[in-house]
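Everything below concerns the one structure shown next.
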Amino acid sequence: MRTLIIGDVFAGHGLAALLDLLPALVIEHRIDVTIVNAENAAEGIGTSARQARELLDAGVHVLTGG
């Protein structure tokens with residue numbers, strides 16, 4: 001099993017970069033499970049429902065808060 005663990009996704013630029021790059025990374029490296037620390041996705045103050053949905057829709061399996 002291949003697991004991709006991504007550290008702190010910070011703010012809009014970090015979120016956009018991850019959403020852009022993640023699908024190709026998953027395919028290229030045959031990732032089975034993706035875990036993302038999303039506690040700072042909302043400009044450093046948590047994660048909004050919209051951001052969580054975007055990450056899950058992009059293929060993230062687990063969101064952490066720290």
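Quantities reported herein were computed from a predicted structural model and do not represent experimental measurements.
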Spacing of CG belonging to Leu56 relative to CD belonging to Glu54, to within rounding of 0.5 Å: 10.5 Å
Heavy-atom closest pair (Ala38 atom, Leu63 atom, distance to 0.1 Å) is CB-CD2, 4.2 Å
Nearest heavy-atom neighbours spanning Ala58 and Leu19: CB-CD2, 3.6 Å
So Ile35 and Thr3, do their side chains get closer than 4.5 Å, heavy atoms only? yes
Side chain to side chain donor-acceptor pair (under 3.5 Å) involving Asp57 - partner list, sequence neighbours excluded: Arg53
Might you point out which heavy atoms bring Asn37 and Gly65 nearest each other, and give the distance in Å? OD1-C, 4.2 Å
Is the shortest heavy-atom distance from the side chain of His29 to the side chain of Leu4 under 4.5 Å? no
Hydrophobic cluster identity match, Leu21 and Phe10, side-chain contacts under 4.5 Å: no
Once side chain to side chain donor-acceptor pair (under 3.5 Å) is applied, do any residues pair with Arg2, and if so which ones, sequence neighbours excluded? none
Please name the pair of heavy atoms, one in Val9 and one in Gly14, separated by the smallest distance, quoted to 0.1 Å. CG1-C, 3.7 Å
Identify the two heavy atoms, one from Asp8 and one from Glu39, that lie closest to each other, and give their separation to 0.1 Å. OD1-CG, 4.2 Å
Would you give the length of the straight line joining atom CD1 of Ile31 to atom CG of Leu22, rounded to the nearest 0.5 angstrom? 9.0 Å
Which pair of heavy atoms, one from Met1 and one from Val33, lies closest together, and at what distance? SD-CG2, 3.9 Å
How long is the gap from CG on Leu25 to CD1 on Ile6, to the nearest 0.5 Å? 7.0 Å
Residues two or more places apart in sequence or in another chain: which of them pass side chain to side chain donor-acceptor pair (under 3.5 Å) with Ser48? Gln51
